Amino acid sequence: MLDLILRNARLPDGGDPVDVAVKDGRIAELRPEIDGQAAETLDAGGHLVTPPFVDSHFHMDSTLTYGRPRVNESGTLLEGIALWAELKPDLTAEAIKARALRLCRLSIARGTLAVRSHVDVSDGRLPAVEALLEVKRELAPHLDLQLVAFPQDGFLRLPAARANLLRALDLGVGVVGGIPHFERTLAEGAESVRQLCEIAAERGLPVDMHCDETDDPNSRHVESLACAARRLGLEGRVTGSHLTSMHSMDDAYVAKLIPLMAEAELKVVANPLINITLQGRHDGYPKRRGMTRVKELAAAGLDVAFGHDCVMDPWYGLGSHDMLEVAHMGLHVGQMTGRAEMRTCFDAVTTTGARVLGLEGYGLAPGRRADLVVLQCRDPIEALRLRPPRLFVLRAGKVIARCAPQRVELSLGGETESFDPCAPAV
Ligand code: FE2
C-alpha cells in the first residue's frame, strides 16, 4: 500500500504527464498510470511538479523589521548596515524568533523548503543564534534551515568577533561566514578570509562568505577565498556570496579568476533583487547593474545559485520570499533570456541551490524524499513567466500547504466569463 499517488504531473524536463508514487515519505516511482492502492491521491491536473525551491542566501534575523527604528532613506548598503546597528541593541531572541517563524510560513506556502540564513554574531549576547537554532529545530520536519555564523561588523574589525563566532559554532551553527570587503583594509580582508577558512577546515565545516559585495573592481577577496579553499583542501565546500565586484572587474583579470574559482570548485550565490537595488549607487549614468557574472560563471561549470537575501529589512523594503521572483529578476539582470539560460535561472532556485547547500535526498527520482511542489503552470519557463500559485507543497509525501487554482471572472460587454490566467498563452 502506497502512502500517496500524485497523478497527472508534468516533470521539469518535459514529456507527457506522469504519476508520482510515495512510500514511507520517499518517491517510490515516477511513470505514467501507476496502479496500486494509496492512502491518498492528489490530482496535479497536468501541472508542473518540481522539487522544492531553495533559498541559498537569506538573513532570517533581520527579516520583517522594515521601518524599525526608521527606514533606509538613501537605500544604500552602508546605511542599511548602520540602521541594523541601531536596531541591534533592542533585539531580543523572542522577537527574532517570532519574525523568523512568520517568514518561514510565507516560505513554505511558496514551496521554499530549504533556506541558508546568515546569522549576525556581532552582538556578544548572540540573541539571533539562540532564536534561529530554536526555529531550525522546531521547523526541521518541514523546512531545512542552515545557519551561517556571520560577523556582520567585521571579523578583524570587531575585537570580540572571533570569540563570538567560535561560540556560535559551538552552539550548533554549521557554516562559517565572513565579510572581507568590510574589514578595514584589503590586507585585513584577505587575512580574515585566511583565518575563517582555517577555522572551517579545523572543524570540518563549510564556508559561505559575503565576498566583494561592492562595486570596487579592486575588491578581490574572491581570489583569496578560492586560494584558501585550495590550500586547505576545502574544494567544493566553499561558497562566495554576492561577488558583485566581479561585475566591475577588468575582463583580462576575470579571464584568470574564473578558472581559479573553477579549480577551487567554489560555489557562487548571486542575490539579484538586492544586487540590482544596492549596487551602482555611487554611479552617474550609465549605472552598473552590480550582479556578478552569472552567465559566464555557469558556462565555466560553476554552481551558481540565487538567494533572496532580504525581505522587508534595513536593506530591502519589499519581497515576499518567492524564489520565482528572484529567478525572474536574475534572468532579466543577467540578460539570460535564451531558453537554456532561463532554465539555468530556474535551476538556480531549485537543483543548483540544493547542490550549494549540500542537501541530501533532494530531487525528483526514486529513493529521494518526496518533497514536491505543484505549480499552476506546465513547465519551468512558464513558472518564471507567471510566478503562479503553488497548488500543493508536500514534505516527505505529506501536503503541508495547498491553495485553489487561480481563476479570473472577466466581465466585458455585459458577459461574464471565467478563465485560467495561467493557461498557456501561445
Ligand atoms: Fe547577505
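Counting convention: from 1, in listed order, for ligands and their atoms alike. Keep in mind it's a predicted model, so treat the numbers as computed, not measured. Starting from 1, each residue takes its place in the sequence as its number.
Summary: NE2 is the N/O/S atom of His57 found nearest to the Fe ion (ligand 1).
Salt-bridge annotation for Arg184 and Glu191: absent, with no side-chain N of the basic residue lying under 4.0 Å from a carboxylate O of the acidic one. The existence of a salt bridge linking Arg387 and Glu325 is excluded, since no basic side-chain nitrogen approaches an acidic carboxylate oxygen closer than 4.0 Å.
Contact annotation: His210 places an N, O or S atom under 2.8 Å from the Fe ion (ligand 1). For the Fe ion (ligand 1), the N/O/S atoms of Glu213 include none lying under 2.8 Å. When distances to the Fe ion (ligand 1) are checked against a cut-off of 2.8 Å, His118 contributes no N, O or S atom below that limit.
Annotation for Arg105: atom CZ does not count as buried by contact number, only 12 or fewer foreign heavy atoms lying within 6.0 Å. Around the CZ atom of Arg339, the shell of radius 6.0 Å holds no more than 12 heavy atoms that belong to other residues, nucleotides or ligands.
The aromatic ring centres of His210 and Phe182 sit 6.0 Å or more apart.
Of the angles at the Fe ion (ligand 1), the one spanning NE2 of His59 and OD1 of Asp309 is 80° when given to 10°.
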